[in-house]
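Reminder, nothing fancy here: chain letters follow the sequence lines and each chain counts from 1.
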Amino acid sequence: MGLAIKVFNQFHHPNVHLYNTLIRAHAQNSQPFSAFSVFCDMQNSGLFPDNFTYPFLLKSFSGQSWLKEVQMIHTHVEKFGLCSDIFVPNALIDSYCKCGYSGVNAARKLFATMGKRDIVSWNSMIGGLVKGGELTEARRLFDEMPERDSVSWNTMLDVYVKAGDINAAFEFFERIPERNVVSWSTMVLGFCKAGDMDMARILFDNMPVKNLVPWTILISGYAEKGLAKEAVGLYNQMEEVGLAPDEGAIVSILAACAGSGLLGLGKRVHASIRRTRNKFSILVGNALVDMYAKCGSLEKAFSIFNDMEKRDVVSWNAMLQGLAMHGCGERALHLFTRMIEKGVSPDKVTLVAVLCACTHAGLTEKGLNYFYTMERDYGVVPQVEHYGCMIDLLGRGGRLKEAFDLVRAMSMEPNAIIWGTLLGACRMHNDVELAEEVLDRLVKLEPSDPGNFSMLSNIYAAARDWDNVASARLKMKSMGVEKPSGASSIEVENEVHEFTVFDDSHRESDKIYQMINGLGDHLKQEGYMPKTCY
DNA sequence: CTAGGGTTAG
């Protein structure tokens with residue numbers, strides 16, 4: 001690329017073709033800023049962009065949400081009458097659809113006024129609607145379109161998957177005239193999302209052709225659900241068939257590991273990165289920082305964070321969040337100060353992390369102060385997540401009434417997390433009366449979640465109100481769902497061992513319990529009194 | 001133009 005630019009600069013009067021080539025090269029290297037600056041140079045030198053310039057330029061924007069720039073190009077294109085070529089409006093539709101809600105609306109308007117449409121115009125428009133969550137309209141357009149290719153069918157399959165209707169998705173999948181690797185992958189993803197890992201595996205095993213994407217989907221699917229054995233096994237299998245994870249696979253698998261604490265697999269992926277490349281992108285760096293931080297290896301996360309050549313706000317957020325969630329509130333706040341000193345603008349996620357840090361460090365006053373000054377100091381308007389942090393901060397501090405007042409003072413509708421947080425605080429401080437009131441609201445939002453009643457039953461238990469404990473338990477049973485028991489797992493030499501409560505299925509179970517009891521005795525000798533009443 | 005991908009409160 002550097003050489004290409006050097007050669008380009010030797011031309012005294014580059015023509016439109018040369019400019020286009022350079023813009024396309026920047027697009028291929030995901031350099032939107034460079035592409036745009038070449039475009040500006042081109043205009044400054046008095047040349048008029050043509051039918052090729054705009055699609056290339058728009059292509060370089062992918063990954064950005066540059067609504068204004070897309071609108072600007074749209075205006076240009078209309079002024080010069082370049083919409084006659086179908087490639088230009090098609091590229092505009094696609095770019096608009098990557099700019100969120102208002103972008104999709106602009107795309108829709110453009111699509112409606114197009115005199116000529118090809119299959120790509122329809123596919124782009126439908127794909128945009130799917131991204132915008134407008135599934136019903138996407139479906140309508142699919143039914144309306146004059147002809148369909150495999151992209152159309154796959155997009156429509158994605159509609160069913162996104163709608164969460166796995167049965168309808170599978171029926172549709174079977175009706176697709178020519179299924180390709182994308183159709184199969186979408187279906188595997190659908191089963192992963194539906195929690196049916198057996199079906200996901202069957203589909204995966206029966207795929208006529210595979211690439212890295214279905215491997216990634218299934219490994220991430222296992223990892224996300226904490227199925228360490230399956231995830232590691234499949235990752236090994238992938239390496240055995242000679243596939244190395246690309247950036248997409250790395251980021252996806254690391255994210256799944258972060259979500260469920262699979263440090264072992266995360267380390268494997270990290271090792272593979274170190275083996276195969278000498279540097280990595282911000283995306284991969286952030287995924288690594290987040291994975292190590294969430295898995296509890298804070299020092300490892302810090303060392304990667306510090307070694308990163310470039311950091312963006314997400315890098316800082318991941319590190320801050322990691323420190324905050326592991327109780328290192330003071331360290332998180334110190335890092336936040338460093339972030340401000342470096343001139344990085346905090347965003348809404350940063351402030352969630354900061355407030356969370358105050359909560360976990362017991363810094364109630366400091367948290368309140370950040371909350372009330374965040375808009376003035378950092379331009380971040382408090383949103384429902386920030387209120388959630390404050391409810392937790394006040395609630396844990398025993399200031400239940402203030403927490404409840406804050407919920408009522410919120411400008412937005414409190415969601416289930418808000419009420420759930422408050423319920424947790426009631427449990428912590430044994431406030432039965434408030435708990436009943438809070439549960440009332442919570443049930444309206446999450447009527448089928450038995451966890452809420454489990455929480456209430458614990459509150460009654462703490463107050464020794466056994467009649468109500470019984471009725472809460474009964475309510476849980478009648479909902480047909482037992483609270484699933486949690487499991488923990490450790491990995492020893494690439495083998496995963498899983499444990500649940502009262503579990504004696506492990507082959508070395510006797511030894512393990514011996515060790516646990518021994519530890520308990522030691523703790524008691526040191527004066528530790530276990531708290532059994534939760 | 002379609003499938004996987006970084007940070008968000010219980």
### Separation of B:dA3 P from A:I166 CD1 (nearest whole Å)
16 Å
### Summary
In whole angstroms, the gap separating C1' of B:dG10 from CZ of A:R427 amounts to 11 Å
### Query
Closest to the A:V352 side chain: B:dG10, B:dC1, B:dT8?
B:dT8
### Query
Does the A:S95 side chain pair with the main chain of A:L92, one donor and one acceptor, at a distance under 3.5 Å?
no
#### Entry: Atom pair CD1 (A:I86) and CG (A:D118), whose distance is rounded to the nearest 0.5 Å
4.0 Å
### Task
Identify whether any heavy atom of A:G248 sits under 4.0 Å from a base atom; if not, whether one sits that close to sugar-phosphate; answer base, sugar-phosphate or nothing.
base
## Note on the structure
Checking B:dC1, B:dT7, B:dA3 against the side chain of A:S124 (C-beta onward), the nearest is B:dC1
### Task
May I ask you to evaluate whether A:K131 reaches the phosphate of B:dT2, defined as a side-chain N or O under 4.0 Å from OP1 or OP2?
yes
### Task
Please check if the side chain of A:N180 supplies one atom and the backbone of A:S183 the other of a donor-acceptor pair under 3.5 Å.
yes
### Query
Taking DNA chain B as the partner, which of residues 134-143 of chain A come within under 4.0 angstrom of it by heavy atom?
none
Side-chain atoms of residues 243-261 of chain A: list all donor-acceptor pairs with protein atoms under 3.5 Å, sequence neighbours left out, distances to 0.1 Å.
from, atom 1, to, atom 2, distance (Å)
A:D246, OD1, A:G248, N, 3.2
A:D246, OD1, A:A249, N, 2.8
A:E247, OE1, A:S281, OG, 2.7
A:S252, OG, A:S220, OG, 2.8
A:S260, OG, A:A223, O, 2.4
A:S260, OG, A:A256, O, 3.2

### Task
Report the distance from atom CG of A:L254 to atom C1' of B:dT7, rounded to the nearest whole Å.
14 Å
### Message
Is it the case that B:dG4 (base atoms only) and A:N211 (side chain only) share a donor and an acceptor within less than 3.5 Å, ignoring hydrogens and angles?
### Response
no
### Query
Between B:dT8 atom P and A:Y370 atom OH, what is the distance in whole Å?
19 Å
### Summary
Per atom distances to the A:L212 side chain, the nearest of B:dA3, B:dG4, B:dG5 is B:dG4
### Task
Ignoring the backbone of A:V151, work out which of B:dG4, B:dA3, B:dT2 is nearest its side chain.
B:dT2
### Task
Would you mind reading off the distance between A:D158 atom CG and B:dC1 atom P, rounded to a whole angstrom?
15 Å
### Query
Can you check the A:E385 CD to B:dA9 C1' distance for me, whole Å?
7 Å
### Message
Any base atoms under 4.0 Å from A:D246, or only sugar-phosphate, or nothing? Heavy atoms, all strands.
### Response
base
### Query
A:V384 near the nucleic acid: base, sugar-phosphate alone, or nothing, with a heavy-atom cut-off under 4.0 Å?
base
#### Entry: Aromatic plane relationship, A:W153 with A:F142 - under 30° parallel, 30 to 60° tilted, over 60° perpendicular
perpendicular
### Gap separating the CD1 atom of A:I340 from the CZ atom of A:R338, nearest 0.5 angstrom
12.5 Å
### Task
Indicate, with a heavy-atom threshold strictly under 4.0 Å, whether A:I282 touches base, sugar-phosphate, or nothing.
base
### Task
May I ask you to say what A:Q383 touches in the nucleic acid, namely base, sugar-phosphate or nothing, with a heavy-atom cut-off under 4.0 Å?
nothing
### Query
Considering only B:dG5, B:dG10, B:dA3, which nucleotide approaches the side chain of A:L283 most closely?
B:dG5
#### Entry: Shortest non-hydrogen separation from A:C97 to A:A107 and the atoms involved
SG-CB, 3.7 Å
### Query
Ignoring hydrogens and angles, does a donor from either the side chain of A:T186 or the base of B:dA3 sit under 3.5 Å from an acceptor on the other?
no
### Query
Base, sugar-phosphate alone, or nothing: which one does A:S220 contact when heavy atoms must sit under 4.0 Å apart?
nothing
### Task
Identify whether any heavy atom of A:D312 sits under 4.0 Å from a base atom; if not, whether one sits that close to sugar-phosphate; answer base, sugar-phosphate or nothing.
base
### Query
So what does A:A425 touch, heavy atoms closer than 4.0 Å: a base, only the sugar-phosphate, or nothing?
nothing
### Query
Which nucleotide, B:dC1, B:dG4, B:dT2, lies nearest any side-chain atom of A:I217?
B:dG4
### Query
Reckon A:K59 touches a base, only the sugar-phosphate, or nothing at all at heavy-atom distances under 4.0 Å?
sugar-phosphate
### Task
Flag the pair A:F173 / A:W184 as yes when their ring centroid distance falls below 6.0 Å, and as no otherwise.
yes
### Query
Separation of A:K294 atom NZ from B:dA9 atom P, in whole Å?
8 Å
### Task
Between B:dT2, B:dT7, B:dT8, spot the one nearest the side chain of A:D347, thanks.
B:dT7
### Pair listing, ring-ring contact (aromatic ring centres under 6.0 Å, His included) test, anchored in residues 397-417 of chain A, at least two apart
none
### Task
Measure distances between side-chain N and O atoms of A:N415 and base N and O atoms of B:dA9, and say whether any donor-acceptor pair falls under 3.5 Å.
yes
### Query
To the nearest angstrom, how far is A:M319 atom CE from B:dT7 atom C1'?
12 Å
### Task
State which residue, out of A:D347, A:D312, A:L351, fulfils the side chain to side chain contact (heavy atoms under 4.5 Å, CB included) condition with A:N317.
A:D347
### Query
Between B:dT8, B:dG5, B:dA3, which nucleotide has the shortest distance from any of its atoms to the side chain of A:S252?
B:dG5
### Query
Among B:dG10, B:dC1, B:dG5, which is the nearest nucleotide to the side chain of A:V251?
B:dG5
### Task
Could you check which of B:dC1, B:dT2, B:dA9 has an atom nearest any side-chain atom of A:D94?
B:dC1
